[in-house]
2 protein chains.
Amino acid sequence: MYTISKAAEITGVSAHTLRYYEKIGLLPAPDRNAGRIREYTDKDIHFITFLHSLKNTGMSLEDISEFVKDGCILTKINEGENVTPSLSRRIEILSKHLTKMEQQRRELDQIISLTQEKLSFYQATLHESKDGDHDEA
Amino acid sequence: MYTISKAAEITGVSAHTLRYYEKIGLLPAPDRNAGRIREYTDKDIHFITFLHSLKNTGMSLEDISEFVKDGCILTKINEGENVTPSLSRRIEILSKHLTKMEQQRRELDQIISLTQEKLSFYQATLHESKDGDHDEA
DNA sequence: CCTTGACTTAGAGTTAACTCTAAGTCTTAG
DNA sequence: CTAAGACTTAGAGTTAACTCTAAGTCAAGG
């Protein structure tokens, strides 16, 4: 069990932002200690970290919202609540996001490869120049 | 050779934004037809697409700027201009970005796997329910 | 010749996503 | 008992990255 500031520290999302996310419905409200103070569980922490990853990979809060709510990913879908959208709708949303993420993954891969190439080239150059040119400008 | 609006169409970056990027120094100024109208080459288009990928994968313009300028990735580094930073500095910058992107890729991979799992689960459920439950809410 | 699409500068407006302030309450540990 | 850290609502301020408007110029095509 973690307080909001502890959760902030662990996840890298500020306490302010955690309350903000809760307010806009992006995060489920955590349980409260004696009905007063937020108590984040490991599961909550995990979920927050997951959202943070989605953000880091360039997804907007709006998209994340649709993704986690309608897609119900990582949230309880088997507890008999009647709030889940239809199966085929969920499949549609998840497929859409999957396609987008796979495209993004390809782009990222390409950039990583390019960067690695460039980097090896530089490093080779640095080695060669040990007896000859010098480096600093 | 492409006009700005053609380039916009191809790359998905608006003409406005192309001029904006040029203005803030993110894009090199393309050659002009009779010194007046921007003419984008295939190389320019390629570079713009590359920048767009960086953006899509969540990099800020500031980071992109540092990445493409100091890292000199995809830009001319072998034409005897004295503007390149030192080799070791470039290596440092590229390494830093590479680490960040690799972390991002790990996160993205994780999300993709999770999504794929969820999706197969849904699809299996959909198949099973062919004789029994029905789908639409 | 006039419309279309390119160009310019300068600056205003917008949207997303925070980020903070005010102004107050409550509770527990020292 | 008081300071620290939790909480509340309501709303103001900030930053990034566009996005658009104004108000004008210029050149080529139908």
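Each of Gln110(B), Gln103(B), Glu102(B), Gln104(B) was scored for a side-chain hydrogen bond (donor to acceptor under 3.5 Å, both in side chains) with Arg106(B), with one residue passing: Gln103(B). Just one of Thr41(A), Thr11(A), Asp42(A) meets the side-chain hydrogen bond (donor to acceptor under 3.5 Å, both in side chains) condition when paired with Tyr2(A); it is Asp42(A).
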Reading nucleotides 8-22 of chain C from 5' to 3' and marking B where a protein heavy atom lies under 4.0 Å of the base, S where only the sugar-phosphate is that close, and - otherwise, the string is S--------BB-BB-

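Every residue two or more places apart in sequence or in another chain that forms a salt bridge (charged side-chain N to carboxylate O under 4.0 Å, His left out) with Glu9(A) is listed here: Lys6(A). With sequence neighbours excluded, the residues satisfying salt bridge (charged side-chain N to carboxylate O under 4.0 Å, His left out) with Arg105(A) are Asp109(A), Asp109(B). For Asp31(B), there are no salt bridge (charged side-chain N to carboxylate O under 4.0 Å, His left out) partners at least two apart in sequence or on another chain.
Atom CD1 of Ile24(A) and atom CG of Leu61(A) lie 5.0 Å apart (nearest 0.5 Å). Between Ile37(B) atom CD1 and Thr3(B) atom OG1 the span is 8.5 Å, to the nearest 0.5 Å. The CD atom of Gln116(B) sits 10.5 Å away from atom CD of Gln123(B), with the distance rounded to the nearest 0.5 Å.
Between Tyr40(A) atom OH and dC7(D) atom C1' the separation is 11 Å, expressed in whole Å. The nearest whole Å value for the distance from the CD1 atom in Ile37(B) to the P atom in dG29(D) is 11 Å.
Glu107(A) places a side-chain heavy atom less than 4.5 Å from the side chain of Asn56(B).
Rounded to 10 degrees, the angle separating the terminal helix axes of the helix from dC1(C)-dG30(D) to dG30(C)-dC1(D), each built from five base pairs, is 0°.
DNA chain D lies under 4.0 Å from no heavy atom of any residue of residues 2-12 of chain B.
The two residues His52(B) and Gly12(B) have their closest heavy-atom pair at CE1-O, 4.0 Å.
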